[in-house]
Amino acid sequence: MDWNLILIGPPGAGKGTQAVRLRDELGLVHLSTGDLLRDHMARATELGARVKRFMDSGRLVPDALVTELLLSELPASGFLLDGFPRTPAQADALAAADDVTAVVLLDVPDAAVIDRLAGRGREDDRAEIVAERLRVYHEQTEPLVDYYAALGLLRRVDGSGSTDEVFVAVLDALGAVPA
Ligand code: AMP
């Protein structure tokens, strides 16, 4: 079947790692808004310049900017979104554009996130920025858990195990048989 999937979870939950494995397993187009935005910053585009202060401080880029960027890349079907939507307004915009098959929540407690990100070394992984990204996650993104649960789309997965364990749990939650 053709999946249109969303991965949500706090920063450091392993969304990017699981997304690559799921992309390969299910043959999906993987879109990470964080990667798209970092690419714009690296190329010093006009968009890159506009989003830099938000990304550097751990806050969300304004909905309109990130939604336009994501929708411009979205295939009609067979996609896996990692890091989008991050607000109910983004979820509404996506719903207007396409149908979502399932939403996987990678559930990882804050303390584990802080430990994991301490070892990653990305510019916005400094302790005070991580604290801000977690605060933003709980305040602005976590409402999506209820949003998608109400639509019957949410699949909650314990994201605190090893990469392999979590991958198996995600496939199981989706009812997808490994190739
Ligand atoms: P990520 O790589 O998903 O952890 O995203 C890194 C940063 O990019 C976030 O802290 C935000 O500043 C920005 N960002 C990525 N995706 C979004 C989104 N869907 N909405 C708003 N900001 C985003």
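Start at 1 and go down the list; that is how both ligands and their atoms are numbered. All residue numbers in this chain count up from 1 along the given sequence.
- Looking at Val66 against ligand 1, only its side chain comes within 4.0 Å, counting heavy atoms.
- The shortest heavy-atom distance from Lys15 to ligand 1 is not under 4.0 Å.
- When each atom of ligand 1 is checked for a heavy atom of Gly34 under 4.0 Å away, the hits are 2 (O), 5 (O), 15 (C), 16 (N).
- Of all protein heavy atoms, the one lying nearest to atom 16 (N) of ligand 1 is Thr33 OG1, 2.8 Å.
- Salt bridge absent: Arg126 and Asp56 never bring a charged side-chain N and a carboxylate O closer than 4.0 Å.
- Note on residues 73-85: no pairs pass salt bridge (Lys or Arg N to Asp or Glu O under 4.0 Å), not counting sequence neighbours.
- Clustering of Ile, Leu, Val, Met, Phe, Trp and Tyr by side-chain heavy atoms under 4.5 Å joins Ile129 with none of the others.
- Taking 4.0 Å as the cut-off between side-chain N and carboxylate O, Arg135 and Glu139 count as a salt-bridged pair.
- With salt bridges taken as basic N to acidic carboxylate O contacts below 4.0 Å, one links Arg38 and Asp35.
- Ion pairing of Arg133 with Asp125 is present here, as a side-chain N (NZ or NE/NH1/NH2) and a carboxylate O approach within less than 4.0 Å.
- Looking only at side-chain heavy atoms (C-beta outward), Val104 and Ile6 stay at 4.5 Å or farther from each other.
- When each atom of ligand 1 is checked for a heavy atom of Arg59 under 4.0 Å away, the hits are 11 (C), 12 (O).
- Compare Arg86, Met55, Gln90, Glu132 by their heavy atoms: the one nearest to atom 1 (P) of ligand 1 is in Arg86.
- For ligand 1 and Arg133, the ligand atoms under 4.0 Å from any heavy atom of the residue are 4 (O).
- Close contacts of ligand 1 with Arg38, meaning ligand atoms under 4.0 Å from a residue heavy atom, involve 2 (O), 6 (C).
- If you take CG on Leu36 and CG on Leu69, they are separated by 5.0 Å, rounding to the nearest 0.5 Å.
- When heavy-atom distances to ligand 1 are checked against a 4.0 Å cut-off, Val61 comes that close through both its backbone and its side chain.
- For the pair Phe84 and ligand 1, the shortest N or O to N or O distance does not fall below 3.5 Å.
- Under 4.0 Å from ligand 1, the heavy atoms of Arg122 that appear belong solely to its side chain.
- In this structure, the protein non-hydrogen atom closest to atom 23 (C) of ligand 1 is Leu37 CD1, 4.0 Å.
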